[in-house]
S.K.: 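Below is the structure I would like to discuss, written out as structure tokens.
Worth saying up front: this structure is predicted, and the values here are computed from it rather than measured. As the structure lists them, so they are numbered: ligands from 1, and atoms in each ligand from 1.
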Amino acid sequence: MTRRFDAVEPAREWCRGERRAGRGLGFVPTMGALHEGHLALVRRAAAENDAAVVSVFVNPLQFDDPADYERYPRDFGGDVALLGAAGCAMVFTGTLEQFFPTELDADGRLAASARVEPGPAAEGLEGEFRSGHFEGVATIVARLFDVVAPDRAYFGEKDFQQLCVVRDLARRRGGPEVVGCPIEREPSGLARSSRNELLTPAERRRAAALYAGLQRARAAWREGERGLDRLEQLVREVAEPSGLALEYVAFRDPDAWTSAFLGADAERAIALVAARIGRVRLIDNLRLDGDAA
Ligand code: AMP
């Protein structure tokens, strides 16, 4: 049975009790509308820790577009039902006021002193196209870590730049251990995402071209192509005819991350993309040197 709390303080108390009893916590922060991608993280957290804790909170601080925040899918009851089978011991949700009881002004804006600086990993890509996004992520993740105080926290490689930002944040704080988990995909190759629910069936079919474009770049990389303009062109040639409007196609060293430069003899690279289809914005990435499907 999964314990469910609809407010932050009882969840904090529950976590405190677990730790007092000597039980280690694995934590999976989410924004809900859970799918197989989230559940894979939860199963792993349950397997590697005494108890798996999940938060479900659509964090307004990390949305640069109010319309995106409004239409973001929400189904807390459905989420709770799915989590039981995945081995989640406790799931909680809360409000911005509960997470920041003394830090919101009369208009509901968070005080500057409560905001957490996301660091250099946030530069470029999502950080460039979604103003304030990673500050919002770092701020809520830091607060969630305070509430749960987990030993390990599980994040998906789907949001690769977020994973880099959170790793830096955890390093600065002295914990928790951050575990990156592989991307779960639909049979078409489309990366699973809560926002996929907002796609029409036709858009959902066409959106698979995003992954196909990444695979095309990986095939060329394996054949020795190192020209970033050429690799970007290959992604675009596959994705754009399907009606995907690419915001960026970027290549980075997945380990160094902040050094955007990849030389002609690069051995490692990750390709990262963001694209709009209809009113939905999707992101995806693929290691060009990796074997993952
Ligand atoms: P979200 O609810 O979108 O904030 O995602 C919560 C966590 O699940 C984040 O760490 C995401 O990276 C991760 N996640 C979302 N989609 C996937 C996916 N398709 N595969 C693996 N992890 C995912």
S.K.: Is the closest heavy-atom distance from E36 to ligand 1 below 4.0 Å?
M.R.: no
S.K.: Within 45° of the ring axis of Y72 and under 6.0 Å from its six-membered ring centre, is that where the NZ or CZ of R281 lies?
M.R.: no
S.K.: Checking Y248 against E128: is there a side-chain donor and acceptor pair closer than 3.5 Å?
M.R.: no
S.K.: Which ligand 1 atoms are under 4.0 Å away from a heavy-atom of I183?
M.R.: 20 (N), 21 (C)
S.K.: Counting only heavy atoms, which portion of S193 has something under 4.0 Å from ligand 1: side chain, backbone, both, or neither?
M.R.: neither
S.K.: Are more than 12 heavy atoms, taken from residues, nucleotides or ligands other than D229, located less than 6.0 Å from that residue's CG atom?
M.R.: no
S.K.: Considering only heavy atoms of Y72, which atoms of ligand 1 have at least one such atom less than 4.0 Å away?
M.R.: 3 (O)
S.K.: What atoms of ligand 1 come within less than 4.0 Å of a heavy atom belonging to D159?
M.R.: 11 (C), 12 (O)
S.K.: Heavy-atom contact check, 4.0 Å cutoff: does A33 meet ligand 1?
M.R.: no
S.K.: Do you see a donor-acceptor pair shorter than 3.5 Å between the side chains of N196 and E186?
M.R.: yes
S.K.: What protein heavy atom sits nearest atom 21 (C) of ligand 1, and how far away is it?
M.R.: P182 O, 3.3 Å
S.K.: Does the separation of the ring centres of F160 and W257 fall below 6.0 angstrom?
M.R.: yes
S.K.: Among all the protein's non-hydrogen atoms, which is closest to atom 6 (C) of ligand 1, and how far away is it?
M.R.: P29 O, 3.4 Å
S.K.: Could you tell me which atoms of ligand 1, counted from 1 in the order shown, lie closer than 4.0 angstrom to a heavy atom of R192?
M.R.: 16 (N), 17 (C), 18 (C), 19 (N)
S.K.: Side chain, backbone, both or neither: which applies to V28 and ligand 1 if a contact is any heavy-atom pair less than 4.0 Å apart?
M.R.: neither
S.K.: Would F63 and Y69 count as a close aromatic pair, with their ring centres under 6.0 Å?
M.R.: yes
S.K.: Around atom 20 (N) of ligand 1, find the nearest protein heavy atom and jot down its residue, atom name and distance.
M.R.: E184 N, 2.8 Å
S.K.: So, Q233 versus R230: side-chain donor-acceptor pair below 3.5 Å or not?
M.R.: yes
